[in-house]
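Index from 1, following the sequence. Predicted model, so just to flag it, every value in this text is computed and none were measured. Hydrogens, waters and symmetry mates play no part in the numbers below; they use all other heavy atoms, side chains included.
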Amino acid sequence: MASYERLKHQVEEARLFLTMAEEEGGEDSEAAREAEAAVTKAAAEIESQELKVMLSGEYDRLGAIVSIHPGAGGTEAQDWAEILLRLYLRWAERHGYKTDLADLQPGDGAGIKNATFTVEGDYAYGYLKAESGIHRLVRISPFDANARRHTSFASMAVFPAIDDKVEVNIDPADLRVDTFRASGAGGQHVNKTDSAVRMTHIPTGIVVSCQNERSQHKNRAMAMKILRARLFELEERKKREKFEEFSKDQKEIAWGSQIRSYVLQPYRMVKDHRTGVEIGNADSVLDGNIDPFIQAYLLGVRKAGAEKSPD
């Protein structure tokens, strides 16, 4: 209701300035400039409210668990995965979300082999679910002595950070829990004790690990949280696939079916292949300014659904 009243006030303000501009009889009048600003503000509020309608899914309001993995290509792909990790941590920071790095495996010489982090805050999952998929980078490789152009891939998987109210049954007999010494940063204590935890869910083959916390107990708790989220997402995906098994538009996420391309050579452009949104300022995008892509995807999903819905 508060958002509706705010929007109503902005529209009324825009009308008032438009009336004043007509009375003053000039497009360059102060009232005309105020009217333009008021209309722009109202339009932004409408778009914001429309986007919130899109975030009405059962789990959209929850926090998120994000995993990033490089594709084939060794150091080049691992470096791209690390760039993506920074991108999303910057995005979260800009939006006031709290992040916690649960697991980070350094790459061979540069980059990362994988990373998992949590994002705490309202609607983190609702927004970040739009980023799940394959991301493609085209650039002159900083690791190629001949300065050739390389194409790299990395995958981003996003899961809702479900709470204890959501039932996920895990039989202890289905779990294998291993402990090991943390390989990344974390301090002297972490590196000298078997504080890191790796959990394997035998029936599904899902493996999660956590090594960022100093105590084995905390790492075990975080690993279980991530495992519950992944098992929950697996069951939800099975339900969706069964429901959509006859859909001609269904497309499996796989290498070669990237959702977005980040081209830094021979020109600079970031393009989302699902919505067609393009941004020429690639540096800004890589610094976390990805809201136009997220908004277009979420609003696009609604439009596609509306077109297919019966009268």
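Between the S141 side chain and the F143 main chain, a donor and an acceptor come within less than 3.5 Å of each other. A distance-only check finds no donor-acceptor pair linking the side chain of Q211 to the backbone of R181 [under 3.5 Å]. No side-chain donor-acceptor contact under 3.5 Å links D272 to the backbone of V277. No side-chain donor-acceptor contact under 3.5 Å links T118 to the backbone of T99. When atom types are taken as modelled, the side chain of D174 and the backbone of P203 share no donor-acceptor pair closer than 3.5 angstrom. Distance alone, capped at 3.5 Å, is enough to place a donor-acceptor pair between the R274 side chain and the A130 backbone. Side chain of D171 to backbone of A173: a donor-acceptor contact under 3.5 angstrom is found. When atom types are taken as modelled, the side chain of Y97 and the backbone of D122 share a donor-acceptor pair closer than 3.5 angstrom.
Distance CG/N212 to CG/L101: 5.0 Å, rounded to 0.5 Å. Residue I294 holds its CD1 atom at 7.0 Å from CG of L298, rounded to the nearest 0.5 Å. Atom OG of S284 sits about 10.0 Å away from atom CZ of R90, to the nearest 0.5 Å. Atom CD1 of I226 is separated from atom CE of M199 by 10.0 Å, given to the nearest 0.5 angstrom. Going from atom CD1 of I134 over to atom NE2 of H69 covers 10.5 Å, rounded to the nearest 0.5 Å. Distance check, rounded to the nearest 0.5 Å: CD of E278 to CE of M269 gives 4.5 Å.
Cluster membership check: L299 shares its hydrophobic cluster with Y127, using side-chain heavy-atom separations under 4.5 Å among Ile, Leu, Val, Met, Phe, Trp and Tyr. A continuous path of ILVMFWY side-chain contacts below 4.5 Å connects L234 to L227, so both sit in one hydrophobic cluster.
Under the 4.5 Å side-chain criterion, counting only non-hydrogen atoms from C-beta, K113 is in contact with D108. Proximity of R228 to I170: side-chain heavy atoms (C-beta onward) are separated by under 4.5 Å at one or more points. For the pair L104 and L85, the minimum side-chain heavy-atom distance is below 4.5 Å. Residues D291 and H95 meet the side-chain proximity criterion, which asks for heavy atoms closer than 4.5 Å. For the pair M54/Q295, no side-chain contact is recorded, criterion being any heavy-atom separation below 4.5 Å from C-beta on. Between D287 and R86 the shortest side-chain heavy-atom distance falls below 4.5 Å. Counting only heavy atoms from C-beta outward, the side chains of V177 and V197 approach each other to under 4.5 Å. L175 has its side chain within reach of M224: a pair of non-hydrogen atoms, C-beta onward, lies under 4.5 Å apart.
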Practice item. Check the pair F232, Y59 against ring-ring contact (aromatic ring centres under 6.0 Å, His included), reporting the backbone distance first and the verdict last. Key: CA-CA 11 Å; F232 170 80; Y59 306 105; 4.7 Å; yes

Exercise for review: Go through the steps to decide whether V66 and Y88 satisfy the test side chain to side chain contact (heavy atoms under 4.5 Å, CB included), and finish with yes or no.
Suggested key: CA-CA 9 Å; V66 180; Y88 288 108; 5.6 Å; no

Exercise for review: Would you check, one step at a time, whether the test side chain to side chain contact (heavy atoms under 4.5 Å, CB included) holds for E235 with V168?
Suggested key: CA-CA 10 Å; E235 290 304 313; V168 178; over 6 Å; no

Exercise for review: Please step through side chain to side chain contact (heavy atoms under 4.5 Å, CB included) for the pair Q105 and D103, ending with a clear verdict.
Suggested key: CA-CA 7 Å; Q105 296 291 332; D103 186 38; 3.6 Å; yes

Review point. Between L55 and R61, does a side chain to side chain contact (heavy atoms under 4.5 Å, CB included) hold up when you go through it step by step?
Key: CA-CA 7 Å; L55 298 176; R61 195 182 183 96; over 6 Å; no

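The side-chain contact (heavy atoms from CB on, under 4.5 Å) test with Y262 singles out one residue from I279, L286, V138, I83, and that residue is L286.
Shortest non-hydrogen contact noted between E82 and G111 is OE1-CA, 3.3 Å. In this structure, L128 and A64 approach most closely via the heavy-atom pair CD1-CB, 4.1 Å. V270 approaches R260 most closely through the heavy-atom pair CG1-CD, 3.7 Å. Between A110 and Q78, the closest heavy-atom pair is O-OE1, 3.4 Å. The two residues N219 and C210 come nearest to each other via the heavy atoms OD1-SG, 3.1 Å. Here the shortest heavy-atom pairing between K129 and V158 reads N-CG1, 4.1 Å.
By the neighbour-count criterion of 12 heavy atoms within 6.0 Å, atom NE2 of H217 is sparsely surrounded, having that number or fewer from other residues, nucleotides or ligands.
Using a 4.0 Å cut-off between a side-chain N of Lys or Arg and a carboxylate O of Asp or Glu, K98 and D100 do not qualify as a salt bridge. Salt bridge absent: E233 and R230 never bring a charged side-chain N and a carboxylate O closer than 4.0 Å. Between R139 and D79 a salt bridge is recorded (basic side-chain N to carboxylate O distance below 4.0 Å).
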